[in-house]
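Remember, predicted model here, so these are calculated numbers, not experimental data. Atoms within a ligand are numbered from 1 in the order they appear, just like the ligands themselves.
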Amino acid sequence: MIMRMSTLFVRTLRDDPNDAEVQSHRFLVRAGYIRRAAPGIYSWLPLGLKVLRRVEAIIREEMDAIGAQELSFPALLPREPYEATNRWTEYGDGIFRLQDRKGADYLLGPTHEEMFTLVVKDLYSSYKDLPLSIYQVQTKYRDEARPRAGLLRGREFIMKDSYSFDVDDAGLDASYQKHRDAYIRIFDRLGFDYVIVKATSGAMGGSRSEEFLARSAVGEDTYVRCTHCDYAANVEAVEVRAPQPVAFDDAPQAHAEATPATPTIDTLVDHLNEAFPRADRPWAAGDTLKNVLVMLKHPDGTREPLAIGLPGDREVDQKRLEGQLEPIEVEPMDEAELARHPALVKGYIGPGVLGEKSASEIRYLVDPRVVEGTRWVTGADVEGSHVLDLVAGRDFTPDGTIEAAEVRDGDACPSCDEGTLETARGIEMGHVFQLGRKYADALDLRVLDPHGKLVTVTMGSYGVGVSRAVAAIAEDTLDDVGLCWPRNVAPADVHLVAAGKEDALYATAEEIARELDAAGVRVLYDDRRGKTSPGVKFKDAELIGIPTIVVVGKGFADGTIEVKDRRTGEREDVATSAVVDHLVALVRS
Ligand code: ATP
Ligand code: MG
């Protein structure tokens with residue numbers, strides 16, 4: 001089927017949509033691939049749908065190749081299974097809930113672990129049925145707090161999600177590895193520049209979890225790589241290597257000192273250097289222990305204060321903190337809450353009033369660098385006063401540690417002794433994750449093992465953001481004037497432009513389009529006549545971004561046709577009689 005610009009359901013736009021934050025979003029709208037229906041909700045127009053279907057096809061081929069079987073669940077789901085796993089509550093504001101006419105609760109599925117677990121429980125009962133991998137390519141709904149960048153973070157989006165079922169850990173490892181290998185093939189074929197990084201396994205803990213991130217400055221994920229070894233991790237998953245405890249037998253007693261007007265780390269450090277100069281070196285922000293107060297909002301709506309102690313030269317990284325506490329949300333502590341804890345003196349809060357055994361009863365978690373024996377300057381819980389030589393483990397005992405401090409370029413690698421970390425940004429394209437027995441336990445998915453004993457099945461969960469991939473590929477490949485699709489996912493192979501007025505020129509272009517089509521080359525033919533100038537047609541071709549642009553125009557009278565590479569801009573004139581063979585060879589190569 002030849003697509004013709006004269007009839008194709010598309011209108012290219014000259015102006016950027018005003019809600020667009022990233023270039024791929026602007027071009028996808030302007031080139032007529034998608035239209036916004038509501039915040040984070042998009043309609044697919046014919047060109048967009050073609051790209052989407054090609055991305056899906058690559059994913060399906062690779063999933064089928066590892067023996068995963070496709071099925072499809074509804075998006076509209078009953079409450080009960082999500083109640084059984086507590087996710088009805090845990091998702092908080094993150095899901096769309098609705099009721100039917102009888103008042104029964106439903107949700108629009110944000111991800112489908114429960115449904116997959118239940119269908120296997122329904123149909124299978126023996127170890128002989130396993131291993132099993134099943135998947136779907138399906139529309140998901142999440143009421144994202146910040147829908148962003150068009151398809152990159154939608155509230156309705158398409159995900160490929162698969163799930164593996166095994167009787168034992170070795171089986172799960174094998175299923176995980178197969179999916180991981182399939183993902184490498186998928187992202188290679190989609191033409192991504194990507195990295196595989198360690199990810200947090202959230203509340204489920206322990207098991208393997210990795211993300212595939214497209215390297216991109218517009219990505220919302222920050223990851224780190226070691227300069228020396230192959231360590232790579234999402235910053236949320238970085239585990240700071242705790243230093244060895246320090247002996248503190250010779251440490252002086254802690255002493256409170258007047259430090260007037262020093263509510264910030266900078267003012268404090270300046271004051272220390274003036275009033276209490278050190279013999280060995282000047283005081284630095286890293287010598288101070290900063291205590292940050294936040295409010296935790298639990299999924300059921302209850303709130304709880306938390307204090308985080310960290311070296312004064314580091315900020316709390318909100319994403320790392322939330323990654324540790326998921327599904328709890330974190331908010332700053334407001335003045336009203338502060339007023340409820342009279343022991344807290346803003347700017348001078350110290351461990352003396354923190355921890356469950358203290359006057360304030362606020363839970364107190366510290367950065368892993370705050371090990372036993374380390375000595376700190378910190379608030380004395382009195383306006384204008386700080387304590388010096390406060391020793392962890394001697395003068396205060398936190399309730400535990402937490403990975404919430406920012407990770408910085410140059411930090412020591414957690415996995416080797418030589419390297420340091422470098423940070424960069426990426427877009428999460430896929431996630432492979434050993435769920436273990438969490439869902440099987442909650443929903444009682446058990447099978448008989450070879451000895452006739454019931455054992456709980458162990459599961460893996462593997463997602464690819466399909467609609468997000470369309471946007472990420474666009475983002476990765478576009479240039480100043482428009483989209484620039486890799487051939488693997490482009491909506492057509494050749495954009496044929498008839499640029500002129502004569503009937504003969506259109507007749508020849510038509511003939512070329514038909515021959516290409518017959519040879520299996522997918523053609524978008526700009527056959528518009530009348531008012532549409534060649535200049536407009538060229539602009540449209542550049543905006544739409546099909547990999548090869550063919551112009552029947554200036555050289556037509558001399559028997560040549562221009563063939564242009566959209567990406568490199570290289571042009572060549574090919575004899576009219578040879579152009580079809582030339583293009584067929586080009587597309588197949
Ligand atoms: P993110 O951290 O970006 O919110 P996630 O970790 O919540 O994603 P998963 O539950 O792991 O996402 O979902 C699997 C895949 O689905 C992700 O790797 C991502 O590619 C895609 N995805 C998740 N949320 C969205 C969204 N709001 N819009 C588009 N794609 C998404
Ligand atoms: Mg994820």
Atom name in H431, limited to N/O/S, at shortest distance from the Mg ion (ligand 2): ND1

Given V235, D221, V238, N234, the one that forms side chain to side chain contact (heavy atoms under 4.5 Å, CB included) with V197: N234

Lys/Arg N to Asp/Glu carboxylate O, R189 vs E61, below 4.0 Å: yes

Test item, D221 contacting ligand 1 (heavy atom, 4.0 angstrom): no

Shortest reach to atom 12 (O) of ligand 1 by a heavy atom, considering only E113, R142, E156, M159: R142

Salt bridge present between D230 and R225 (N-O < 4.0 angstrom): no

Q434 versus D173, side-chain donor and acceptor atoms under 3.5 Å: yes

Element-labelled atoms of ligand 1 that are located less than 4.0 Å from some non-hydrogen atom of M429: 18 (O), 20 (O)

Identity and distance of the protein heavy atom lying nearest atom 3 (O) of ligand 1: R153 NH2, 2.8 Å

Those atoms of ligand 1 less than 4.0 Å from some heavy atom in L152: 28 (N), 29 (C)

Nearest-contact summary for atom 20 (O) of ligand 1 - protein heavy atom, Å: E428 O, 3.0 Å

Check: V316 main-chain N/O paired with E406 side-chain donor or acceptor under 3.5 Å: no

Contacting atoms of ligand 1, where contact means under 4.0 angstrom from a heavy atom of G430: 18 (O)

Side chain to side chain, L421 and Y231, heavy atoms closer than 4.5 Å: yes

Part of R468 with heavy atoms under 4.0 Å of ligand 1, whether side chain, backbone, both or neither: side chain

Polar side chain donor-acceptor pair, D540 to T12, under 3.5 angstrom: yes

Protein residue, atom and distance nearest to atom 22 (N) of ligand 1, heavy-atom basis: F157 CE1, 3.5 Å

N or O pair under 3.5 Å between G154 and ligand 1: yes

Residues R185, E62: salt bridge by 4.0 Å N-O rule: yes

R566 to W485 six-membered ring, cation-pi geometry met (6.0 Å, 45°): no

Geometric N/O contact H431 with ligand 1, under 3.5 angstrom: yes

Nitrogen or oxygen of G465 less than 3.5 angstrom from that of ligand 1: yes

S467 N/O to ligand 1 N/O under 3.5 Å: no

E428 near the Mg ion (ligand 2): N/O/S under 2.8 Å: yes

Pair Y194, D188: side-chain N/O donor-acceptor within cut-off below 3.5 Å: yes

Atom indices of ligand 1 within 4.0 angstrom of E144 heavy atoms, with elements: 24 (N), 26 (C), 27 (N)

